[in-house]
Amino acid sequence: MSAKVRVCKKCSGIKPGDLKGVIAKEDRASGCFGACRKKHPELKGKVYVRAAGKVITADSKKKLLKALAGIA
């Protein structure tokens, strides 16, 4: 069983479907998790998700998927 991953379609820079093959469908969720780019300017230009209770960031989708594969 992998970690529950939450994606904000508006802010994360990634879609839940992009996690296909890395995170099982039942462990993916979409919706706000309070890390909006407006409130957190340090996230500008990054892609990010909330997994295992932490916000995981990366410079690209490819790097984020590698990071998530490590915790899955």
Side-chain angles (χ1 to χ4, degrees):
M1 182 161 117
S2 63
K4 187 75 169 176
V5 175
R6 191 167 202 55
V7 174
C8 178
K9 292 179 187 178
K10 184 177 179 183
C11 298
S12 291
I14 193 167
K15 298 175 193 165
D18 294 336
L19 302 174
K20 187 177 180 180
V22 177
I23 302 294
K25 188 173 183 174
E26 60 272 2
D27 292 328
R28 298 185 301 229
S30 62
C32 182
F33 54 87
C36 300
R37 288 183 187 156
K38 269 187 187 176
K39 295 178 186 175
H40 300 278
E42 68 275 9
L43 295 174
K44 186 176 182 176
K46 305 264 184 190
V47 292
Y48 53 94
V49 296
R50 183 172 189 97
K54 299 184 284 186
V55 176
I56 310 229
T57 63
D59 294 326
S60 68
K61 286 182 187 181
K62 189 175 181 178
K63 290 179 182 177
L64 181 65
L65 293 175
K66 279 187 179 181
L68 289 173
I71 65 164

One pair to check against side chain to side chain contact (heavy atoms under 4.5 Å, CB included): Asp59 and Lys46. What are the steps and the verdict? CA-CA 5 Å; Asp59 294 326; Lys46 305 264 184 190; 2.8 Å; yes
When rounded to the nearest 0.5 angstrom, what distance separates CZ in Arg6 from CZ in Arg28? 14.0 Å
Just by modelled atom types, is the Ile14 backbone N or O under 3.5 Å from a matching donor or acceptor in the Lys9 side chain? no
Identify whether Phe33 and Leu43 are in the same connected component of the hydrophobic contact network (ILVMFWY, side-chain heavy atoms under 4.5 Å). yes
Show the numbers, then the answer: is there a side chain to side chain contact (heavy atoms under 4.5 Å, CB included) between Cys8 and Tyr48? CA-CA 9 Å; Cys8 178; Tyr48 53 94; 5.9 Å; no
When rounded to the nearest 0.5 angstrom, what distance separates NZ in Lys4 from CD in Glu26? 8.5 Å
Rounded to the nearest 0.5 Å, what separates atom SG in Cys32 from atom NZ in Lys10? 9.0 Å
Hydrophobic cluster identity match, Ile56 and Leu65, side-chain contacts under 4.5 Å: yes
Cluster check Leu64, Val22: I/L/V/M/F/W/Y, side chain < 4.5 angstrom: yes
On a heavy-atom basis, which atom in Val55 and which in Arg50 lie closest, and how many Å separate them? CG2-NH1, 4.0 Å
Taking all non-hydrogen atoms of both residues into account, name the closest pair between Val47 and Ser60 and its distance. CG2-O, 3.3 Å
For a quick test of reading the model, state the closest non-hydrogen atom pair linking Asp18 to Lys61 and the distance between them. OD2-NZ, 3.3 Å
